[in-house]
Amino acid sequence: MKRPICHQRFFIFLLMLFLCLSLSPAWAQEGGAGSQIDTGDTAWILMSSALVMCMVLPGLALFYGGLVRSKNVLGTIMHSAIILCLISIVWVVVGYSVAFGPDVGGFVGSLAHIGLAGVGTEAFPGTGIPHLLFMVFQLMFAAITVALITGSFAERMKFTALLLFSVLWSVFIYSPLAHWVWGGGWLQEMGALDFAGGSVVHISSGFAALVCAMVLGPRKGHGAEPMPPHNLPMTVLGTGLLWFGWFGFNAGSALGANGGAASAFVATHIAACAGGMSWMVAEWFRTGKPTMLGVASGIISGLATITPAAGFVGPMSALIIGLVAGTVCYAAVVWKARLGYDDSLDVVGIHGVGGFTGILATGLLASVGAQGLFFGNPGQFVTQLVLAVATLIFAVVGTYIILKVVDLTVGLRVSTDDEQVGLDLSQHNEKAYS
Amino acid sequence: MKRPICHQRFFIFLLMLFLCLSLSPAWAQEGGAGSQIDTGDTAWILMSSALVMCMVLPGLALFYGGLVRSKNVLGTIMHSAIILCLISIVWVVVGYSVAFGPDVGGFVGSLAHIGLAGVGTEAFPGTGIPHLLFMVFQLMFAAITVALITGSFAERMKFTALLLFSVLWSVFIYSPLAHWVWGGGWLQEMGALDFAGGSVVHISSGFAALVCAMVLGPRKGHGAEPMPPHNLPMTVLGTGLLWFGWFGFNAGSALGANGGAASAFVATHIAACAGGMSWMVAEWFRTGKPTMLGVASGIISGLATITPAAGFVGPMSALIIGLVAGTVCYAAVVWKARLGYDDSLDVVGIHGVGGFTGILATGLLASVGAQGLFFGNPGQFVTQLVLAVATLIFAVVGTYIILKVVDLTVGLRVSTDDEQVGLDLSQHNEKAYS
Amino acid sequence: MKRPICHQRFFIFLLMLFLCLSLSPAWAQEGGAGSQIDTGDTAWILMSSALVMCMVLPGLALFYGGLVRSKNVLGTIMHSAIILCLISIVWVVVGYSVAFGPDVGGFVGSLAHIGLAGVGTEAFPGTGIPHLLFMVFQLMFAAITVALITGSFAERMKFTALLLFSVLWSVFIYSPLAHWVWGGGWLQEMGALDFAGGSVVHISSGFAALVCAMVLGPRKGHGAEPMPPHNLPMTVLGTGLLWFGWFGFNAGSALGANGGAASAFVATHIAACAGGMSWMVAEWFRTGKPTMLGVASGIISGLATITPAAGFVGPMSALIIGLVAGTVCYAAVVWKARLGYDDSLDVVGIHGVGGFTGILATGLLASVGAQGLFFGNPGQFVTQLVLAVATLIFAVVGTYIILKVVDLTVGLRVSTDDEQVGLDLSQHNEKAYS
Amino acid sequence: MKLITTIIKPFKLDEVKEALIEIGVQGMTVTEVKGFGRQKGHKETYRGTEYQIDFVPKIKIELVIADELEQKVLETVTRAAKTGSIGDGKIFVSDLQGVIRIRTGETGEGAV
Amino acid sequence: MKLITTIIKPFKLDEVKEALIEIGVQGMTVTEVKGFGRQKGHKETYRGTEYQIDFVPKIKIELVIADELEQKVLETVTRAAKTGSIGDGKIFVSDLQGVIRIRTGETGEGAV
Amino acid sequence: MKLITTIIKPFKLDEVKEALIEIGVQGMTVTEVKGFGRQKGHKETYRGTEYQIDFVPKIKIELVIADELEQKVLETVTRAAKTGSIGDGKIFVSDLQGVIRIRTGETGEGAV
Ligand SMILES: Nc1ncnc2c1ncn2[C@@H]1O[C@H](COP(=O)(O)OP(=O)(O)O)[C@@H](O)[C@H]1O
Ligand SMILES: Nc1ncnc2c1ncn2[C@@H]1O[C@H](COP(=O)(O)OP(=O)(O)O)[C@@H](O)[C@H]1O
Ligand SMILES: Nc1ncnc2c1ncn2[C@@H]1O[C@H](COP(=O)(O)OP(=O)(O)O)[C@@H](O)[C@H]1O
């Protein structure tokens, strides 16, 4: 029964694609004058785009893959992999236009750039890089944001549900948010500061994750039987690649190879280190032992938290932000246990809480190219509060609606037997290790 | 008996090397005026060269290593690793000169650059990068091409045979081909288009792989006993690193950080995504389940297929090429079973078929800096056909001859017992996991 | 008893940090004129900094992690991870100033740059990159040097001891050494050549490792029971990432994207390949089988040995250096067995011996921007000898003193039971694989 | 003394262990095994090639007990390991000539 | 009832399994083991240090059968597992007091 | 013939093996198992969640010997495997009806 249905769905999906294509004016692509292109800036953003792609696959895929049980590792890795493929296509077909097309009432972009119409090799306004390069750099952000969410419903989401959810969430939540903050939307007009995605990427995915965890419910046996990570070195490998890629994510957001990029690079690195240290210390106090997973989690917390601030703060502020991040996120992860929902891989505690903290911290510590409260500009803090809360509400409400739609159409969870057997065999007819 | 012989062989090899050295005029290296060097272009090609190196090791090594049985994983990884070392040396000693030395009758380069004579830090004609940098960027292509072939004879090739085969194939097949298409040879004169190696790299290695699979014969037990991949997450990791590196491979082939590089970058990424999607969908229809290995294979198919077109097509054409690639390569891999030869890791189905498809697709869809059939230039398609067929024939015939030579000198296959025990213990006295 | 104490210690450490912060003038950071910033150079050094970070984590962490027994893999990976976090913070707080602050008597830098005071986005003197970027590039070197040492005391060092040792070693050994050779210290004045750290990084860590191995004593059961690497593919992955990152390490040390960087890139690659080949051949002669671990070790040997020479030699000299490196380091590793100390992961044989060889080789083969003995300048060889020996003595003596201090305060080794159980469970309450 | 060997479904291990502890069993030895039987295995697909895997993962528990405990143990295991679906597993009973506790050299029932 | 335990070379597992199914055996339990015996192990080298590994990988099959099947099973296994070279393995035969099928509670021959 | 099954601490394997070889034992089969008993397991912590693991890794050695060797073997194993601390393990002794060496078809004592 089920299979033919999802076949149909795919067929329709493919048709849709080809439609867009044939309609698309971007068959051939207008050669840009490229007059104002700066080779150095272009070199750095080319590299940064590759780095952010590397964050999704293999980075995030392995970071998450190592944390699940071995019967679900392929299913978990698949989430990041297929989201990268699927959302990239959605982005070039429609997503980019919704996010960065000419502003419509401050809320979305027009469809002027659908199918990348009018996106060529000419310099992107205000930068020294080709428009196409700006588009693909932003594409990577769109992909990783959706992929981050998957950690909350790991080991139990139906694969068809994942596909549908990802497309809807990307088009209806991510693209509008990106427009609000970066595409000329109302939050940008307000002067909200989000250097590389503390709100657009981390708050949105982090609190979407919370809704997913609550709507899907806990994994079978959650709390009762132990579910230790099946391969922590894999998770550490993922951590290292995420960190590596994050330099492109944050320093690349300067959209050029300049002092601002260098400053963002330094802030990013310091916050990652401080996050790792402080999570470790906090855990050491509480449980009496420092753990490798704790350091890895702290590093990611530091990175998520510095993301919105990277370009606006000095190195010592970055150090503070990192130290706070590791402690706050650890606390959030510990408290989760009390709240009882099964955010399987702690997306809420790390990205949601981290992103929220970072947006507010930017309002306090901004000192480069903008002033935060501590530098005599209390107004900025208020703006940041609006940014954080608006993003959170939009993400929570939107995600809830999308989940309901997916539940009614293809259903959200795999059967209990399939969950027992594991996603790898039940969803993909594969085994990770032989 | 056997060992002393191969020792001798190695001794001779080393002697040869030192000979080249002493003869070489490149002891010290001429400082280049560097007047026309562009730092941005140089930055991007430095990075691209590193990225392509990363494709071979750890990228390809792990992609292949995860697909074999655990008793052969080191032997398989060793193939990529030692080829990178060996071919790099062969390239600087003689290969580069054969490929890019002053043209001799359209077929090979002269030995003017042997031992890198005359290859310095001055700008490479027509680019803003140092000649040495162009040389090392091309070196990485030479290495990965040979490494790709090893997937076809995995789990049974004698190690000494691998070494001899690699040197001969690189010097007598790869270097001339590179000259024909990129070094000022007859195919380049004809106006054949191969942006980053659809023919030179993928058709050549893909069909060389076919000959290898047929000449060596199937693995013991092939078809009878199941031979599932021993570690698919390792293969996915390899896939991610290959994808990451492919940005350097394709966008780096613009030899600068400009609009062309950005456009090639975008085409590469879109084709990878589309390839992953379409292979998954095709497999889903046929076997009823989407698989992680399918997505990974589709991604590589998309990348191999877009390679020759990357710099010549717009994003929507890239999307089409990717969608076609995933489907066609999946079909090829499925049909292989019928044909019965044991191309163990599907080099033919993915690189041979993908590369061939890509070369032809370039003749149809080229629209940037060149016109394909769909853009009013049917002649280009014919030229592409010649390019594809000529490469295929040269690779097939040459590979066959080289295999015969290797067979008569050191022998191609390990003994049945050694194959039973596995390459790791029998060839290398090592075990991968303890 | 023990735990509360180390808590205290951490508390103090944190306090210290915050102190530095509040004192630090670098809360906000002076915007640099950035007039002379070159985007291409900046792009390359941004990337190089990321590459060197990637060498530590995941590169070195996995290279070492694969070589130990599975009960110690997390403890081993943790060493690299936490050193990256901890030393980065130490570096921005005080280390950078000690190494690169205004020279004080040729031995250390002043504390002018403590807390990164006066380190902004203006161009670093004599380069086209921001001062902050130079600082963070150097930071990565500081981190990896300490991390390299950990291979010598793997599987038995107490975690608290590791933390204390790392901080002391970095501040009192690494920073001064960096000042002597690169920061305007006496060795630089003498004209000593060390392009990317053969002495500062490899001799220092390599011989510090020797002292550590001798002071801590061998692992329980060393020599008696077999201790094979638990996961060689993990080690090969680490090797590949180290190689990849080494391009940033060496070519990045040109501090720009120019002919010098290209030349260093080529030398680095050739030496790595030659090192892999020659170690394999040497091992093949001696034990009758080439091994994957041998090739990996040879590659690292070649890379460590070319490091000081990379910018000063032509490609053919690099080839010689690589061939020598693989053979000499293999010999050193084999002889270790006779000497009986337990340098668990061969830091001495590879980095100590390799670095020493490289410094001397630079004195012989330098031909680009400097002349070595073979190019008519015997004086350079003498200078190099002074450089190598001075570094060795300073590292050996300093390390011994620091180890004694650590031993008297927190103790160096875990208990015999903890060693039996393994570091993962005894030090971190974690298991790598479930 | 008796040696009770039982093959069960992996996810039943904890339940069975707890049940045995309740009735006073103080030790057991567990092995991961692969079982072949009525319960059919699963299908795996790699690049379009399909494999039928007949073996299913099982857990083997070895239990040495005093003779008088036999019935109680058999009932307990049967109850705790049962799901009612094919593949629940088996229990095998055999005699033991002797048991020694290595640490103390104790033998017989005192040793378990 | 009898418990037949046999140690064989890993690559012989499929052959032996098929042969047993042919003669009507309906189930078995398989364990990966390491064997020590006349068959010598192998040498491993890591950075010039050589280890002699005495243990070789083997597969252990446990088989519970009705007494009358014993001869047939022994012959079958011997035939299917044999290569003639050292290390082919052993077959051990022992008595079983009882068997239970957990799912149904059936006992004795009906349970296997 | 007797089947001696012994559960020991993993790091004792080499010692026990050597000791057995000395008294003329020519073969054995080794399995990695998890043990539950008086020896308490360990604690694991992942992101602040703590797990108590009851099972500890053990090695099981299966040894088929001629009856007359029984005493010697039992003493040897007890001596070699002993550390005196909880968790040293057990030895179980049971009867074997028969043994076959697959390679030669030899049976009985000649087969081990
Ligand atoms: N004759 C046998 N000898 C040894 N083990 C057996 C035998 N029959 C079944 N088993 C074990 O019991 C498990 C369950 O048996 P199976 O026939 O699948 O279901 P059920 O126990 O419900 O009859 C098998 O996976 C196998 O491990
Ligand atoms: N006395 C024994 N007790 C238990 N297992 C044994 C014994 N002797 C041999 N084995 C098992 O049988 C396997 C094969 O025995 P081996 O002596 O190597 O060859 P063969 O079976 O041809 O004599 C060994 O690897 C071991 O697992
Ligand atoms: N009743 C039993 N049946 C089977 N195995 C047992 C039994 N009791 C103990 N064992 C095995 O012996 C091992 C050691 O037993 P334990 O009680 O921990 O220490 P000791 O042997 O010193 O009494 C256990 O880990 C388990 O593998």
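All figures in this text were calculated on a predicted structure; none of them were measured in a lab. In the text below, chain A, chain B and the rest are named by the order of the sequence lines, each starting its count at 1.
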message = Check whether F:Q26 reaches the backbone of E:G37 with its side chain - one donor and one acceptor, N or O, closer than 3.5 Å.
response = no
remark   = Taken to the nearest 0.5 Å, the spacing of F:I59 CD1 from E:K34 NZ works out to 5.5 Å
task = Under 4.5 Å heavy-atom distance to chain F, tell me which part of E:L3 shows up: side chain, backbone, both or neither.
result = neither
Segment of F:E106 engaging chain E (4.5 angstrom heavy-atom cut-off) = neither
query = Is chain F contacted by the side chain of E:T78, its backbone, both, or neither, given a heavy-atom distance below 4.5 Å?
reply = both
query = Is any side-chain heavy atom of F:V99 less than 4.5 Å from a side-chain heavy atom of E:I91?
reply = no
Region of E:Q39 that comes under 4.5 Å of a non-hydrogen atom in chain F = neither
message = Looking at chain E, which one of F:V64, F:I61, F:T104, F:V30 has the largest number of heavy-atom pairs inside 4.5 Å, strictly under?
response = F:V30
remark   = Residue from E:L74, E:T31, E:D95 scoring the most non-hydrogen pairs under 4.5 Å with chain F is E:D95
key: Stepwise side chain to side chain contact (heavy atoms under 4.5 Å, CB included) check, E:F36 with F:L20   = CA-CA 11 Å; E:F36 174 78; F:L20 286 168; over 6 Å; no
Region of E:T6 that comes under 4.5 Å of a non-hydrogen atom in chain F = side chain
key: Greatest number of heavy atom pairs closer than 4.5 Å to chain F - which of E:I8, E:I86, E:D54, E:T5   = E:I86
task = Keeping the roles fixed (side chain from E:K90, backbone from F:A111), state whether a donor-acceptor pair exists under 3.5 Å.
result = yes
query = Considering only heavy atoms from C-beta outward, does the side chain of E:K60 approach that of F:E62 to under 4.5 Å?
reply = yes
query = Checking heavy atoms, do the side chain of F:L63, its backbone, both or neither come under 4.5 Å from chain E?
reply = neither
message = Run the side chain to side chain contact (heavy atoms under 4.5 Å, CB included) test on F:Q97 and E:F92 for me, step by step, so that the C-alpha distance in whole Å, both residues' side-chain angles and the decisive distance to 0.1 Å come before the verdict.
response = CA-CA 8 Å; F:Q97 267 49 49; E:F92 311 134; over 6 Å; no
E:E70 atom CD, neighbour heavy-atom count above 12 within 6.0 Å = yes
Toward chain F, the part of E:R38 with a non-hydrogen atom under 4.5 Å = both
